[in-house]
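Sequential numbering from 1 along the given sequence is applied to the chain's residues.
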Amino acid sequence: MKKQSNFSLLLGAAFLMATSAIGPGFLTQTTHFTQVLAASFGFVILMSVIIDIGAQLNIWRIIAVAEKPAQDIANAVLPGLGYFISILIVLGGLAFNIGNIGGAGLGTNVMFGMSSQTGAILSGIVAIGIFLVKEAGKVMDRFAQVMGFVMIALTVYVMVSAQPPFAEAAIKTVMPDTIDYLAIVTLVGGTVGGYITFAGGHRLLEAGIKGQAALPQVTKSSISAIGIASIMRIFLFLAALGIVAQGLALDPANPPASVFKHAAGNAGYKMFGVIMWAAAVTSVVGAAYTSVSFIRTFNPMIEKYHKWFIVGFIAISTFVFAVIGEPVKILILVGSLNGLILPVALGVMLIAAHKKKIVGDYKHPIWLTIFGMLIVIAMAIMGGYSLINGIPKLFE
């Protein structure tokens with residue numbers, strides 16, 4: 001019975017992280033870059049998956065052996081650093097949650113024809129409801145799993161309908177016509193950037209799956225999470241490639257919706273609504289849970305009433321979208337800051353992995369340390385580029 005329970009927790013953590021990554025931005029980025037790069041986008045996906053695995057393996061393992069959440073590990077490395085990272089995570093999570101709520105509103109608009117505002121409010125209520133039940137953790141895990149399976153199944157159907165050139169996609173994945181470094185960084189940021197990579201790691205910690213003995217389970221769950229998100233990315237890429245290869249134009253205002261409509265007509269458009277809603281609401285749940293997990297340990301009151309802080313987080317996101325819409329300037333600024341969270345957080349984790357007072361007698365594999373440092377350097381350069389280019393847009 002315990003083994004089954006552990007399996008369920010590991011799968012739940014994997015799906016929580018994966019569905020946190022698969023949001024409205026994920027759908028739009030994938031179809032946009034497929035239109036720009038065609039079959040060569042397969043290479044971008046391959047490179048981003050390798051980087052995602054390196055970042056996530058390091059972070060989840062170190063959280064498990066330290067038996068502490070990321071903010072406490074950061075504070076142990078350098079007092080105050082955990083608070084700084086937490087501020088970035090919470091601000092980023094709140095800003096992107098406004099966008100996720102907007103995506104949920106768009107999904108309900110496509111499915112039922114209701115206004116985006118009404119759909120957003122109802123979707124916010126659904127997300128809040130998950131955290132109001134007694135076994136909130138189990139419900140959150142199961143919701144992420146069911147919605148994840150629904151999104152993948154519908155995307156597979158549309159992919160088959162689109163009849164993509166599989167052979168060309170396979171060849172260009174290893175021998176691309178062009179290499180787009182910015183696309184790689186965008187995909188990495190959208191999969192393991194900001195709060196996302198910590199979602200499953202903190203979930204496992206809360207569930208008591210920690211310590212060196214749990215490392216095989218943690219490793220399996222972390223790779224599974226990247227695998228789930230990557231499978232969705234690959235199927236969506238192939239669906240979009242099938243449409244692009246036929247010479248059909250994608251609507252620049254909503255590229256993923258036009259992929260589904262071209263592939264499967266009005267039924268495909270309705271499927272897009274289901275996928276958009278599922279992607280958005282699971283991202284709302286993941287962002288709220290993970291953002292609050294970064295402040296839980298700072299105050300006993302937050303720890304005691306953390307579920308209500310999560311509810312408040314979702315309610316504020318929903319209220320801002322319903323009243324103001326998506327505050328574009330805030331999203332641009334926080335998006336730029338979000339690009340710096342992964343290199344800072346991963347860098348701190350790698351330092352922590354070699355401090356005995358934090359990880360005890362645990363020896364972090366050298367290859368993982370080197371892999372992690374290469375990711376830190378690459379993402380710091382690109383995150384800095386994103387920040388420099390993001391702030392001037394606020395004043396245009």
* So, Ser222 side chain and Leu57 main chain: donor-acceptor pair closer than 3.5 Å or not? -> no
* **Where Tyr195 and Ser20 come nearest, the two heavy atoms and their spacing** => OH-O, 3.8 Å
* Asked: How would you list all residue pairs meeting ring pair (Phe, Tyr, Trp, His ring centres under 6.0 Å) that involve residues 53-75, not counting sequence neighbours?
  -> none
* To do: For the pair Gln35 (side chain) and Ala249 (backbone), establish whether a donor and an acceptor sit closer than 3.5 Å, ignoring hydrogens and angles.
  => no
* **Chi angles and distances behind the side chain to side chain contact (heavy atoms under 4.5 Å, CB included) call for Val65, Leu215** => CA-CA 8 Å; Val65 293; Leu215 280 180; 3.8 Å; yes
* Supply the atom-to-atom distance Ile275 CD1 to Ile152 CD1, rounded to the nearest 0.5 angstrom. => 10.0 Å
* Decide whether Phe43 and Ile171 are clustered together by the hydrophobic rule: side chain heavy atoms of Ile, Leu, Val, Met, Phe, Trp, Tyr closer than 4.5 Å, transitively. => no
* Residue pair Phe260 / Met276, side-chain heavy-atom distance below 4.5 Å -> no
* Would you find a donor on one side and an acceptor on the other, under 3.5 Å apart, between the side chain of Thr290 and the backbone of Ala287? -> no
* Asked: Is there side-chain contact between Leu241 and Glu168, with heavy atoms separated by less than 4.5 Å?
  -> no
* For Phe15 and Ala144, which heavy atoms make the closest approach, and how far apart are they? -> CD2-O, 3.7 Å
* To do: May I ask you to decide if Ser258's main-chain N or O and Asp251's side chain share a donor-acceptor pair within less than 3.5 Å?
  => no
* Identify the heavy atoms of Val311 and Ile128 that sit nearest to each other, and give their distance. => CG1-CG2, 3.8 Å
* Structure fact -> NZ (Lys138) and CG (Leu9) are apart, to the nearest 0.5 Å, by 8.5 Å
* **Identified side-chain hydrogen bond (donor to acceptor under 3.5 Å, both in side chains) partner of Ser293 from the options Arg203, His202, Gln71** => His202
* Should Val49 and Met175 be counted in the same cluster of Ile, Leu, Val, Met, Phe, Trp and Tyr side chains packed under 4.5 Å apart? -> no
* To do: For the residue pair Trp277 and Met147, establish whether any side-chain heavy-atom pair is separated by less than 4.5 Å.
  => yes
* Quick one: does His306's side chain get under 4.5 Å of Ile310's, heavy atoms only? -> yes
* Taking everything shown except Tyr362 itself, do over 12 heavy atoms lie less than 6.0 Å from its OH? -> yes
* Asked: Do Thr28 and Pro256 come close enough that some side-chain heavy atom pair is under 4.5 Å?
  -> yes
* **Non-hydrogen side-chain atoms of Phe198 and Ile59 separated by less than 4.5 Å** => yes
* Structure fact -> Value for CZ (Phe235) from OG1 (Thr30), rounded to nearest 0.5 Å, stands at 13.5 Å
* **Heavy-atom pair of closest approach, residues Ala280 and Gly103** => CB-C, 3.6 Å
* Can Lys307 be said to sit on top of Phe131's aromatic six-ring, NZ or CZ under 6.0 Å from centre and within 45° of the ring axis? -> no
* Test log, rule side chain to side chain contact (heavy atoms under 4.5 Å, CB included), inputs Gln217 and Asn6 -> CA-CA 9 Å; Gln217 294 174 298; Asn6 261 11; 3.1 Å; yes
* Asked: Roughly how far, to the nearest 0.5 Å, is CD1 of Ile314 from CD1 of Ile125?
  -> 11.5 Å
* Asked: With a 4.5 Å limit on heavy-atom distance, are the side chains of Leu122 and Thr108 in contact?
  -> no
* For the student: nearest non-hydrogen atoms of Leu11 and Gln145, plus distance -> CD2-OE1, 3.7 Å
* Please indicate whether Phe319 has more than 12 foreign heavy atoms, meaning atoms of other residues, nucleotides or ligands, lying under 6.0 Å from its CZ. => no
* Thr197 side chain vs Val192 backbone, donor-acceptor pair below 3.5 Å -> no
* Asked: Any side-chain heavy-atom pair from Phe298 and Asp72 closer than 4.5 angstrom?
  -> yes
* Asked: Short question: side chain of Glu67, backbone of Lys210 - any donor-acceptor pair under 3.5 Å?
  -> no
* Lys270 NZ: over 12 foreign heavy atoms closer than 6.0 Å -> yes
* Asked: Leu78 and Leu342: same hydrophobic cluster, using ILVMFWY side-chain contacts below 4.5 Å?
  -> yes
* Fit a plane to each ring of His354 and His364, take the angle between them on a 0 to 90° scale, and name the class: parallel (under 30°), tilted (30 to 60°) or perpendicular (over 60°). => perpendicular
* To do: Give a yes or no answer on whether the side chain of Lys357 reaches the backbone of Ala76 with a donor-acceptor pair at less than 3.5 Å.
  => yes
* To do: Say whether Tyr181 and Val174 are linked into one hydrophobic cluster, either directly or through other cluster members, by side-chain heavy-atom distances under 4.5 angstrom.
  => no
* What pair of heavy atoms forms the shortest contact from Ala278 to Met151, and how long is it? -> CB-CG, 3.7 Å
* Asked: Phe237 vs Phe41 aromatic rings, parallel, tilted or perpendicular, using cut-offs 30° and 60°?
  -> perpendicular
* To do: Determine yes or no for a side-chain-to-main-chain donor-acceptor pair under 3.5 angstrom, with Thr191 supplying the side chain and Val188 the backbone.
  => no
* Passes side chain to side chain contact (heavy atoms under 4.5 Å, CB included), Asn58 versus Ile375? Steps please. -> CA-CA 11 Å; Asn58 272 296; Ile375 293 168; 5.7 Å; no
* Structure fact -> CD1 of Ile302 to CZ of Phe294, rounded to nearest 0.5 Å, is 14.0 Å
* Are Val139 and Val146 connected in the hydrophobic side-chain network, where two residues link if heavy atoms are under 4.5 Å apart? -> yes
* **Donor-acceptor contact below 3.5 Å, side chain Ser283 vs main chain Thr19** => yes
* Can you tell me how far the CE atom of Met111 sits from the CZ atom of Phe272, to the nearest 0.5 Å? -> 10.5 Å
* Asked: Side chain of Lys68, backbone of Ile63: donor and acceptor closer than 3.5 Å?
  -> no
* Asked: Arg233 and Gln29: side chain to side chain contact (heavy atoms under 4.5 Å, CB included), yes or no, with the steps?
  -> CA-CA 10 Å; Arg233 178 92 72 187; Gln29 287 164 8; 4.2 Å; yes
